[in-house]
Amino acid sequence: MINLKIDNKEISVPEGTTILEAARQANIDIPTLCYLKKVNEIGDCRMCIVEVEGRKGFATSCIQKVEEGMVVHTHTPDVLEARKMVLDLIISNHAKDCLTCIRNGNCELQALAIKFNVLDVEYEGERTKHKIDDKSPAIVRDFNKCVLCRRCVGVCKNIQNVGAIDCINRGFEACVSTAGDHSLADVDCTFCGQCIEACPTGALHEKDDTKKVWIKLKDPDVYTVVQTAPAVRVALGEEFGMPIGTNVQGKMITALRRLGFDKVFDTNTGADLTIMEEANEFIDRLNGKAVLPMITSCSPGWVRFAEKNYPELLDHLSSCKSPHQMFGAIIKSYYAQKFNVDPSKIYVVSVMPCIAKKYECTREEMEVDGLRDVDAVITTRELSRMIKQGNIEFNKLEDSEFDDPMGEATGAGAIFGTTGGVMEAALRTASDILEGKNLEKVEYEEVRGKEGIKKATLTIAGKDVNIAVASGLKAARQIMEEIKNGKAEYHFIEIMACPGGCVMGGGQPIKSSKIRSTVDVRKLRADSLYSIDEASTIRKSHQNPTIIKLYKEFLEKPGSKVAHKYLHTTYSKKEKYNILKINIVKPI
């Protein structure tokens, strides 16, 4: 342990701790901007500078390690003046359109400006001006709001191991961009949105689709249907000041009805449907009907990653569509027929924690008989903005239930929102089918937890089944390299693009770097989903009465021709760089 003093407070911390982390452990606040724990620890912005007695100049607290007997001062007049100057310089080259910025009220730069009482900018001068890259269906980049903190670069390169973005050019022309300064739509971006979650300002944000949803809600000739993913209900409340992980399912349903949707359904029902198809597909593969291991396909960021990086291994992906796409297809077929609604007038909106779902619903494969499965995807953040636009006092809403008959779901559907959840839900059904009985075992602790890769061997119907769960694209690459090199002996693999699964999706409420560094947001949201599962009367997908009836009346059986028509899809190789379709984004 190392003993030191910070602001006259004696502290003892482990060797190797930075001054910043030592101060936080002592509840002493040091401002940061570029720092993101275990993601971006580079000391670039200098907002975290402090004075250390006996040394000249300032120490950058996020990278400076503590030393025995060190005496640190975090808010001397010189430190405060230096931070103010750094902040002025950053703001001088920043778009000052806070009132119309998507991050207004949740911007770390704005928060620092308020904290340091920045009422005017002392260093006015020439500003770099950039075009906005909005070609991608999921992500918008506005370089004019970039502060060169490199947090997005850190998460894309170090956490996701994709490296679609980095710093280009030098000096005043330096900016964060892609190889060749091309659009995100034309490079190796997977649209996972983790860069948005990392960004402290509005330089990166989701493509807002709320306007087109509002138009449909106001059209009396359109039958609007909305479905909500499991992870949304345990994060939406955070946008209204509720504790992280609060389950606001009842209030969310009420809010959606007040917005004007004709029907409010649960994507968890679609998750149960996915398990029926996926579990049976796995059993077929286990019996030698197709290549092993089988890999889940409900994460569109992961699917895009595989199509671009491992096209030779696409046969390993399950042919199942993701839950919300399956559900959309069923709404426009089975539901439309059953309730005599013209499917061409149905407009399906999915509320998702995922940015890549915006891309997924535009894929040409996601269509049946000329009708798109899903017409629009909005994120958790977009839904919160719509609720606020609708002048709805969310915290005061009464609880209500999903509409019948497509609102009944099991606990298995709920845990889809966290890493390992898809695997666990699939095992509950696959094990029962293979064993030929209703097993008491429901929880599979082997696939739970925050580790990037989890592996286990289970004995099912006398057979050893090797499984793996990969969370994040860095872990996915490791698993795929094992398969590619013939070193993998897995039978079934779950891969989610976002570290932690959908609860940490790119469309979830954005937390500041300080909260992300001190609170386990993933665990709080995931625990809430597990609580929903534990409290559920039915916890296995194949026991869902709605799903049983759906097969009896329409789909026949899992894997049938009808099921394949509506619930399954195909994949194809995608070029990493679409050279012939390049949309160059250069400074004006």
Side-chain angles (χ1 to χ4, degrees), residues 225 227 230 263 265-287 289-290 294 296-298 318-341 343 346 348 350 366-369 371 373-374 402-416 421-439 442 461 492 536-570:
V225 173
Q227 56 170 313
K263 291 294 178 181
F265 292 138
D266 194 353
T267 307
N268 290 9
T269 308
D272 284 334
L273 185 56
T274 300
I275 287 302
M276 292 297 292
E277 293 297 317
E278 197 166 67
N280 280 275
E281 181 185 358
F282 171 63
I283 291 169
D284 284 344
R285 290 184 183 233
L286 202 58
N287 291 330
K289 294 184 179 180
M294 186 181 88
T296 60
S297 56
C298 52
S318 164
S319 64
C320 292
K321 292 178 180 177
S322 67
H324 86 116
Q325 294 290 159
M326 281 192 180
F327 203 51
I330 290 300
I331 292 297
K332 293 187 178 183
S333 54
Y334 169 74
Y335 178 84
Q337 293 172 23
K338 190 175 182 67
F339 292 93
N340 196 28
V341 181
I346 296 178
V348 176
S350 298
M366 299 301 170
E367 170 180 304
V368 182
D369 295 336
L371 295 174
D373 296 340
V374 172
F402 286 109
D403 286 311
D404 288 328
M406 308 300 289
E408 187 169 16
T410 70
I415 59 175
F416 254 65
V422 179
M423 175 64 73
E424 184 168 355
L427 289 173
R428 291 178 186 181
T429 291
S431 296
D432 275 15
I433 294 173
L434 287 169
E435 294 279 0
K437 58 184 178 181
N438 183 25
L439 299 175
V442 172
F492 195 7
S536 298
T537 304
I538 304 173
R539 301 180 68 185
K540 297 178 180 180
S541 298
H542 59 285
Q543 295 174 354
N544 183 338
T546 297
I547 297 299
I548 294 170
K549 189 174 183 180
L550 175 60
Y551 277 100
K552 183 179 180 180
E553 295 181 350
F554 184 67
L555 292 172
E556 299 173 1
K557 64 177 182 178
S560 69
K561 287 185 179 180
V562 179
H564 267 273
K565 177 180 178 179
Y566 292 100
L567 310 180
H568 291 254
T569 186
T570 57

When you look at Thr296 and Glu278, which way does the side-chain contact (heavy atoms from CB on, under 4.5 Å) test go after all the steps?
-> CA-CA 8 Å; Thr296 60; Glu278 197 166 67; 3.9 Å; yes

Ring centroid separation Tyr566 to Tyr334 under 6.0 Å | no

Side-chain donor-acceptor contact under 3.5 Å, Asp272 with Thr410 | yes

Could I get the full list of ring-ring contact (aromatic ring centres under 6.0 Å, His included) partners for His542, not counting sequence neighbours?
-> none

Do Lys338 and Phe554 come within less than 4.5 Å of each other through their side chains, counting heavy atoms only?
-> no

Mind checking side-chain hydrogen bond (donor to acceptor under 3.5 Å, both in side chains) for Asn438 and listing every partner two or more places apart, or none if nothing turns up?
-> Lys540, Gln543

Non-hydrogen atoms of Ala409 and Asn544 that approach each other most closely | CA-ND2, 3.6 Å

Thinking salt bridges, do Asp369 and Lys332 make one under a 4.0 Å N-O criterion?
-> no

Backbone N/O of Val348 and side chain of Gln227: donor-acceptor pair under 3.5 Å | no

Considering residues at least two apart in sequence or located in another chain, which fulfil the side-chain contact (heavy atoms from CB on, under 4.5 Å) criterion with Glu556?
-> Ser560, Val562

Sequence neighbours excluded, which residues qualify as side-chain contact (heavy atoms from CB on, under 4.5 Å) partners of Asp404?
-> none

Would Cys298 and Val422 satisfy side-chain contact (heavy atoms from CB on, under 4.5 Å), going step by step from the backbone distance to the final call?
-> CA-CA 9 Å; Cys298 52; Val422 179; 3.8 Å; yes

With side-chain contact (heavy atoms from CB on, under 4.5 Å) as the test, would you mind laying out the steps for Met406 and Phe327 before giving the verdict?
-> CA-CA 9 Å; Met406 308 300 289; Phe327 203 51; 3.5 Å; yes

Can you list the residues that meet the side-chain contact (heavy atoms from CB on, under 4.5 Å) rule with Val341, with sequence neighbours excluded?
-> Tyr223, Phe339, Ile346

With sequence neighbours excluded, what pairs up with Tyr551 under the ring-ring contact (aromatic ring centres under 6.0 Å, His included) test?
-> none

Ser319 and His564 have their tightest heavy-atom pair at OG-CE1, 4.0 Å

